[in-house]
Amino acid sequence: MREKTIEIKLKNTVKSMGGIALKLISPGFDGVPDRLVLLPHGKLAFIELKASGKRPRPLQEKRKRQLEALGFLVFCIDGAGQIGGILDEIQSS
């Protein structure tokens, strides 16, 4: 499955839950996750999206570790089937 297809499904699922999935663009700070997911009741997480079977690049792994060290949740999704479980995990955090 293409990354764009997974991204659209994530965005629509988050919207159906009353949240927003902001596209992140950070000039001068490469490797940040693709989306910042904001859910009701102050729940948030960063999400890196990949085509099925693809893995994050080393710089993306570094950014993930940096954000996690700051206490943020960071996930990588490479299949639409993962979306529900990850959003449930964000909500229960």
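As a basis for the values below, the full set of heavy atoms in this structure was taken, side chains included, without hydrogen atoms, waters or symmetry mates.
Connection of L67 to I47 is not established within any shared hydrophobic cluster, with ILVMFWY side chains joined at heavy-atom distances below 4.5 Å, either directly or through further cluster members. Placement of V14 and I25 in two distinct hydrophobic clusters is found when ILVMFWY residues are connected by side-chain heavy-atom separations under 4.5 Å, directly or transitively. When hydrophobic clusters are built by joining Ile, Leu, Val, Met, Phe, Trp and Tyr residues whose side-chain heavy atoms come closer than 4.5 Å, directly or via intermediates, L22 is grouped together with L70. M1 and F75 fall within the same hydrophobic cluster, defined by Ile, Leu, Val, Met, Phe, Trp and Tyr side-chain heavy atoms under 4.5 Å apart, directly or through other members.
Remark: L39 CG to I20 CD1 distance equals 9.5 Å, nearest 0.5 Å. Rounding to the nearest 0.5 angstrom, the gap separating the CG atom in L49 from the CG atom in D34 is 5.0 Å. One finds the NZ atom of K50 at 7.0 Å from the SG atom of C76 (value rounded to the nearest 0.5 Å). In this structure, CG in L73 is found 10.5 Å from CD1 in I86, a value given to the nearest 0.5 Å. One distance of note links CD of Q91 with CE of M17; it measures 3.5 Å at 0.5 Å rounding. For the atom pair L59 CG and Q66 CD, the distance stands at 8.0 Å (nearest 0.5 Å).
Remark: K54 does not engage E3 in a salt bridge, criterion side-chain N to carboxylate O under 4.0 Å.
Legend: residues meeting ring-ring contact (aromatic ring centres under 6.0 Å, His included) with F46, ordered by chain and number and at least two apart, are F72. With sequence neighbours left out, the side-chain contact (heavy atoms from CB on, under 4.5 Å) criterion links I8 to K4, N12. Taking the side-chain hydrogen bond (donor to acceptor under 3.5 Å, both in side chains) definition, one finds that Q82 meets it with D78, sequence neighbours left out. In this structure S26 satisfies the side-chain contact (heavy atoms from CB on, under 4.5 Å) test together with F29, V32, sequence neighbours excluded. Shown here are the side-chain contact (heavy atoms from CB on, under 4.5 Å) partners of K64, two or more places apart in sequence or in another chain: E61, E68, V74.
For the pair V37 and L44, the minimum side-chain heavy-atom distance is 4.5 Å or more. In this structure the side chain of K23 reaches within 4.5 angstrom of the side chain of E7, judged on heavy atoms.
Applying the salt bridge (charged side-chain N to carboxylate O under 4.0 Å, His left out) test to every pair with at least one member in residues 81-93, sequence neighbours left out, gives no pairs at all.
Shown here for S16 and T13, the closest heavy-atom pair between the two residues is OG-O, 2.7 Å.
Using modelled atom types, one side-chain atom of R35 and one backbone atom of A21 make a donor-acceptor pair closer than 3.5 Å.
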**Request:** Show your working on salt bridge (charged side-chain N to carboxylate O under 4.0 Å, His left out) between E48 and R63 and close with a plain yes or no.
**Result:** CA-CA 10 Å; E48 178 64 33; R63 296 295 183 232; over 6 Å; no
